[in-house]
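Remarks on the structure that follows.
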Number of protein chains: 4
Amino acid sequence: MRFLFLGDVVGKPGYSAVLARAADIRKEARLDAIIINAENAADGAGLMPRQYRRLVEAGVDVMTMGDHLYRRKEIIPVLQSSQRIVRPANYPESSSGKAWTVVSTPAGKLGVISLLGRVFMRPVDCPFTAVDAALEEMATENPRYVFVDMHAEATSDKQIMGRYLDGRVTAVLGTHTHVPTADACILPGGTAFQCDVGMTGPYDSIIGRDIKRVTQTTLHFEPCHFHVATRDVRLSGAIVEANEEGKAISIERFEEQVDQ
Amino acid sequence: MRFLFLGDVVGKPGYSAVLARAADIRKEARLDAIIINAENAADGAGLMPRQYRRLVEAGVDVMTMGDHLYRRKEIIPVLQSSQRIVRPANYPESSSGKAWTVVSTPAGKLGVISLLGRVFMRPVDCPFTAVDAALEEMATENPRYVFVDMHAEATSDKQIMGRYLDGRVTAVLGTHTHVPTADACILPGGTAFQCDVGMTGPYDSIIGRDIKRVTQTTLHFEPCHFHVATRDVRLSGAIVEANEEGKAISIERFEEQVDQ
Amino acid sequence: MRFLFLGDVVGKPGYSAVLARAADIRKEARLDAIIINAENAADGAGLMPRQYRRLVEAGVDVMTMGDHLYRRKEIIPVLQSSQRIVRPANYPESSSGKAWTVVSTPAGKLGVISLLGRVFMRPVDCPFTAVDAALEEMATENPRYVFVDMHAEATSDKQIMGRYLDGRVTAVLGTHTHVPTADACILPGGTAFQCDVGMTGPYDSIIGRDIKRVTQTTLHFEPCHFHVATRDVRLSGAIVEANEEGKAISIERFEEQVDQ
Amino acid sequence: MRFLFLGDVVGKPGYSAVLARAADIRKEARLDAIIINAENAADGAGLMPRQYRRLVEAGVDVMTMGDHLYRRKEIIPVLQSSQRIVRPANYPESSSGKAWTVVSTPAGKLGVISLLGRVFMRPVDCPFTAVDAALEEMATENPRYVFVDMHAEATSDKQIMGRYLDGRVTAVLGTHTHVPTADACILPGGTAFQCDVGMTGPYDSIIGRDIKRVTQTTLHFEPCHFHVATRDVRLSGAIVEANEEGKAISIERFEEQVDQ
Ligand SMILES: [Fe+2]
Ligand SMILES: [Fe+2]
Ligand SMILES: [Fe+2]
Ligand SMILES: [Fe+2]
Ligand SMILES: [Fe+2]
Ligand SMILES: [Fe+2]
Ligand SMILES: [Fe+2]
Ligand SMILES: [Fe+2]
């Protein structure tokens, strides 16, 4: 099994890049699955149903989200009915969306779980308890591979989750900071880990947003809309290869500059 | 000019590694200067005067600190009297320590400034105002090169500072998350930038601390002392090369595994 | 000198109540001045220019704001040109608005300063440094009385400011939590102090907002607009009496139920 | 049923005042029960086993705690074995202590639950889910009265809990800010509510700590031990009266100055 995980897809630049490149990358990198974090697809915050459908058509197997999950309410029916998108498993049970999903791939069944960190983030329930429950429920479907998106601010939050799940899942890869980390590794138990796989979007920016506007507001406090930036668009993520026991055997950073 | 900046030096493993390797690395990498962030040297929090002196003897040119600046009060007289250590420039004017320093190197004068971010951190004054003031004061000493350690949690905070200082300083390199980022670059104006250069310390850990203890406290809330971990010790940082106008012409990650 | 300070005026219920009652209260309570915190007047966040003008016409002498200062951009020209509204003094110097104002009252000149706390709030500069600077500048106008609105989340932040300014200003009264505290007192140096004077708005609510909607979002995480509530409207604040040296001699809670 | 709840008991001044006065207050105010929040009893943080025992001997029926629960590890065996102290019900199930307790009083059985808020506080699990579970478990013991200590920073957090439990428990009284609020009321469903009952300890202080030391550290950032203050010691809390259906029929602030 080889799968690609692309980090926070930001705005039209990121979204269009995924649509344009997903099919070719799948072939070129001999992938069995593509997973993306889509929380910033809709002009920087949230995901629209039309985007969801077109991303599925373009070959995205599963979408994870993050703290911007409900920024577009239109996505709620999609969250309730679709198999290819999950909400954070440590959101309330009563919230819209699935806590986990399992999809078929040429290499076997792949389970996907999204988690939110708690340090420096809006209050959510314990991600450790939540991931234990999701893994137990998911076991009824017997997925060969399990991928966890740990969407969190603090590096410690992400590292603790990696160690907690080491040997129990195929990969724990982080998102949310929009900056890739240089720490991709296979943990001792066979779980691929990276604190953040980076953003898929415009890199001539402040985490995807127009530099000038963010800077002005930071300096002078007068808020303005932070437009999504436009230049230096890149796909950023990681490719994980796993053996038939579902253990990761390699992880490599994936970065591709998009023609503009 | 070529200088090495090593990120948060953690505990005895990190501190001993710097002592053991600084002189050789200086030769091997043909460095004009070594700067380190020493905020975690004293058993994980703060810096002791004896450590400061031995690090200077070992060839460290300047030390920056961070939010753990005053964790060991013994360092206060050193902060007040020494030229080779700075406090964050956006700490109160009345706080102990220098807001900037300039040291001599074989390649010319090097100015050093430490800044703290504000997002998800303890309240401090505006780092933009503070760095403007420090640069203006420092200009009286006419340093050819200026290095800024942006010690911050949020990637946005770090990127804004990089853009704000682009073309005005040689490098803005980040610390505090203890995880290296894969975004080292030269910004358009000639400033080297990286969100985080990573920790110098034990990597078989949670940001330098014992995995088991941190995990137990996270899961069960019963606090215990978080010992500094011991295994997989690495030096982590970045080497910046600059031209005679003080502009960065290259930045490369520096990582070295330490024999144990 | 007797003045009334009304805390966070919330939405149409709070705003209408101030318009309806200001003139009568001034007479009934023999007031020389009325100051209000108007940060939530415009449908719960910010203040509109038309509201500002009508509040002045209704007899409000000065308006303070808070973290919602710029929620309505339309107020910016008013902040720049008017004498009867101030921005937080510890906002950046480059931000729109005055750091202090002095107005005439029948009892003599009254200076007004707004400050934001830093604990659990968006990063701002040091309120202690800022208030020292504002008091020094304001001294050129020689106000007999000085009022400080300490808009902050943490009780410690507010108490520290009260003690810091004790004997230097007439009153330090807090806002922002929308709940009145039962700690009104005269500090040893002659400064009236209260952690929070409470909200002027609908009390059958969650800090002024519709109970059902806030609760639903808290429980299930699906965001919706938090309408301003409508029932149990009250004016809440404090009346301070000061002697001719500008020292407070009494402080009493002010609460008035509004007919609906 | 009449019970007194005293807010955060701070250090020796607060602890000694409770020991000295509990028995007499019980008689004078014709109380059936005394509950205290004891999280700051041990020199300002935590509670020692000896203190626990002496408080029980002095007539305290139940102790709640808060975010300082485990500051003294010595209390852990007490938390595990005693009926007169509870941990926050929204702490992990694996953490030491009981999520609820029921004690006998002359007026019938009294259940007690402690909850922690989530806004501006360390991550904990959902207090709404936790209180529902605790109430359900507790129902097996059929307490006539139920008291909930909502230990939280934000007023919104506390008000939401009050409304959520209105009609289901006898009282929801808040702690943690160390400042009493002036909002005590009976909610429509018959639940007594107050955002914060205030601290039992030295009021010539910053939330119980030495004014000078806290101020110095706030201004100059150099940390020092924040001694518990000594002057103006008061007991602060609320007295709730309930009918035989467990509904609150009155709530009044309780404040008593202690001779020194
Ligand atoms: Fe996010
Ligand atoms: Fe994101
Ligand atoms: Fe740090
Ligand atoms: Fe550090
Ligand atoms: Fe407000
Ligand atoms: Fe506010
Ligand atoms: Fe507390
Ligand atoms: Fe407390």
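Sequence lines set the chain letters: A, B, ... in the order given, protein chains first and strands last, and positions in each chain run from 1. Computed from a predicted model, the values in this text were never measured in an experiment.
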### Message
Please find the pair of heavy atoms, one from D:Ala154 and one from C:Glu153, that lie closest to each other, and give the distance.
### Response
CA-OE2, 3.7 Å
### From CA spacing to verdict: side-chain contact (heavy atoms from CB on, under 4.5 Å), D:Thr218, C:Met161
CA-CA 10 Å; D:Thr218 301; C:Met161 186 57 72; over 6 Å; no
### Query
Side chain, backbone, both or neither: which part of C:Cys195 has a non-hydrogen atom closer than 4.5 Å to chain D?
side chain
### Query
Measuring heavy-atom distances to chain D, does C:Arg118 have an atom under 4.5 Å in its side chain, in its backbone, in both, or in neither?
side chain
### Contact origin within D:Ser205 toward chain C - heavy atom pairs under 4.5 Å
backbone
### Message
I'd like to know if the side chain of C:Thr155 reaches the main chain of D:Thr177, judged simply by a donor and an acceptor atom lying under 3.5 Å from each other, with no hydrogens or angles considered.
### Response
yes
### Task
Tell me, out of D:Arg163, D:Glu255, D:Lys158, who's got the most heavy-atom pairs with chain C below 4.5 Å.
D:Arg163
### Message
How long is the straight-line distance from CZ of C:Phe128 back to NE2 of D:His220, given to the nearest 0.5 Å?
### Response
10.5 Å
### D:Ile160 to C:Val214 - nearest heavy-atom pair and separation
CD1-CG1, 3.5 Å
## Note on the structure
When every non-hydrogen atom of D:Gln159 is compared with those of C:Ile207, the smallest separation belongs to OE1-N, 2.7 Å
## Note on the structure
Turns out that what part of C:Ile211 lies under 4.5 Å from chain D's heavy atoms comes down to side chain
## Note on the structure
Counting heavy-atom pairs under 4.5 Å with chain C, the top scorer among D:Gly162, D:Gly198, D:Pro180 is D:Pro180
### Query
Are there more than 12 heavy atoms of other residues, nucleotides or ligands under 6.0 Å from atom CD of D:Glu93?
no
### Task
Could you please spell out the steps behind the side-chain contact (heavy atoms from CB on, under 4.5 Å) verdict for D:Leu219 and C:Tyr164?
CA-CA 10 Å; D:Leu219 296 178; C:Tyr164 185 72; 3.7 Å; yes
#### Entry: Most contacts with chain C, counted as non-hydrogen pairs under 4.5 angstrom, among D:Asp204, D:Thr129, D:Val119, D:Asp196
D:Asp204
### Message
Using heavy-atom distances under 4.5 Å, tell me whether C:Asp157 contacts chain D through its side chain, its backbone, both, or neither.
### Response
neither
### Query
Which heavy-atom pair separates C:Ala182 from D:Arg253 by the least distance, and what is that distance?
CB-NH1, 3.4 Å
#### Entry: D:Thr181 side chain vs C:Thr181 backbone, donor-acceptor pair below 3.5 Å
no
### Message
Does C:Glu28, at its CD atom, have more than 12 non-hydrogen atoms belonging to other residues, nucleotides or ligands within less than 6.0 Å?
### Response
yes
### Task
Output the distance between atom OG (C:Ser156) and atom CZ (D:Phe226), rounded to the nearest 0.5 Å.
9.5 Å
### Query
Within a radius of less than 6.0 Å around CD of C:Glu252, do more than 12 heavy atoms belonging to other residues, nucleotides or ligands occur?
yes
